Amino acid sequence: MDIKEYISSGILELYVYGALTEAESREVSQALREHPEIRKEVEEIEVALQKLSAAAAPSYNAEAILASIKKKLGNKSEGTVIGIERKKETDWVAYMGWAATVVLLVGLFFVFEDKNNLREQLSSEQAENAKMEQQIADAREDAEKSEELLAVLRDKNVSKVSLQGQNVAPEAYAAVYWNKEENKAYIDAKDLPEPPRGKVYQVWSLKLEPLTPTSIGLLDEFDMDDNKIFALENANESQAFGITLEPEGGSDSPTMDQLYVLGAVAAAP
């Protein structure tokens, strides 16, 4: 077998496009197993087909497709035909090969387009389903948080401490719901302004005589918490609570000129 003539004949392109008879396909398959050069050429034709399909995607141009196929098969001088000995039915393919190639390529292009469109549609539907599932999960989580907050507010062991705005932010307000039995303090910070970048709110438990502040925690990720409810541990004998604005990471002692809200615990009856 003359490998170069076999490759130039066009039979490999027709094999890739599925235009050969069953007997011819077996013949090419046998050649692929025996000749690495032919196998490599088929792989290149498959790659060229994919690239050609992608390039033709914006609009179909039969002349451009035909020119690309001719270029792939080789630049031969006009009127020159290289033939190889084949069966009768193969002669028909040799005469009709170019027409069949163009028709098949156009058909394959639309098949590829349909598959791509289906893949995009499925991806879009999957994204919508994932979004809906996340919304359901968020709603369920919000409902659970609301139920937890209601349970806290209705607990007979919870004391509410109102924290009023101070000089740095007179309009600010916060509330502490303190459960002494469980050593929990729930901070409602909805009416505190957004802290600037690099700053964080820090909550202090205070003893008044002498004034002794003890940090019970930071209101981290303030901008990401929609409800602005923060649960902190507080095992202190608190007489008051205050919230200051501190550098990110918090401070060892409160910055008094950045005291946003302050409130005293009501005396037990």
Side-chain angles (χ1 to χ4, degrees), residues 1-140:
M1 175 189 291
D2 188 324
I3 301 297
K4 289 185 178 180
E5 284 192 2
Y6 192 79
I7 291 174
S8 301
S9 68
I11 191 171
L12 299 182
E13 281 75 7
L14 297 175
Y15 172 78
V16 171
Y17 305 147
L20 298 180
T21 65
E22 185 177 348
E24 289 171 334
S25 293
R26 285 199 299 270
E27 172 190 325
V28 176
S29 297
Q30 180 66 29
L32 291 176
R33 288 192 292 270
E34 295 176 356
H35 302 285
E37 302 99 316
I38 296 176
R39 185 166 61 251
K40 181 180 179 183
E41 182 67 19
V42 167
E43 291 172 356
E44 291 180 356
I45 293 169
E46 290 173 343
V47 171
L49 175 61
Q50 293 175 0
K51 290 182 178 178
L52 187 59
S53 174
S59 61
Y60 164 61
N61 186 326
E63 293 183 2
I65 293 176
L66 181 61
S68 298
I69 296 173
K70 288 182 176 180
K71 182 178 180 181
K72 174 61 191 164
L73 292 178
N75 296 321
K76 301 179 178 64
S77 57
E78 190 172 345
T80 302
V81 178
I82 298 176
I84 61 171
E85 295 222 7
R86 302 167 63 189
K87 301 176 186 177
K88 273 192 174 182
E89 62 267 21
T90 306
D91 293 338
W92 178 86
V93 175
Y95 286 112
M96 302 297 294
W98 284 112
T101 297
V102 173
V103 171
L104 284 165
L105 181 57
V106 172
L108 286 173
F109 167 70
F110 285 110
V111 169
F112 291 155
E113 281 297 290
D114 288 342
K115 287 184 177 179
N116 287 336
N117 291 338
L118 179 59
R119 188 179 298 112
E120 290 176 3
Q121 182 180 351
L122 289 174
S123 297
S124 177
E125 290 176 356
Q126 289 170 351
E128 282 298 319
N129 289 338
K131 182 180 179 181
M132 185 178 300
E133 289 175 3
Q134 185 61 48
Q135 289 173 342
I136 292 172
D138 291 343
R140 185 180 296 117

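All heavy atoms count here, side chains included; hydrogens, waters and symmetry mates do not. Since the model is a prediction, treat every value here as computed from it, not as a measurement.
- Atoms OH and CD, from Y6 and E37 in turn, are 13.0 Å apart once rounded to the nearest 0.5 Å.
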As a quick check of understanding, evaluate side chain to side chain contact (heavy atoms under 4.5 Å, CB included) for E24 and L14, giving each step before the final call. CA-CA 10 Å; E24 289 171 334; L14 297 175; over 6 Å; no
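- The distance from atom CD1 of I3 to atom CD1 of I38, rounded to the nearest 0.5 Å, is 4.0 Å.
- Take R39 and apply the salt bridge (Lys or Arg N to Asp or Glu O under 4.0 Å) test, not counting sequence neighbours, and it matches no residue.
- To the nearest 0.5 Å, atom CD1 of residue I45 and atom NZ of residue K40 are 13.0 Å apart.
- With sequence neighbours left out, the side-chain hydrogen bond (donor to acceptor under 3.5 Å, both in side chains) criterion links S29 to Y15.
- The side-chain contact (heavy atoms from CB on, under 4.5 Å) test applied to Q30 returns R33, E34, not counting sequence neighbours.
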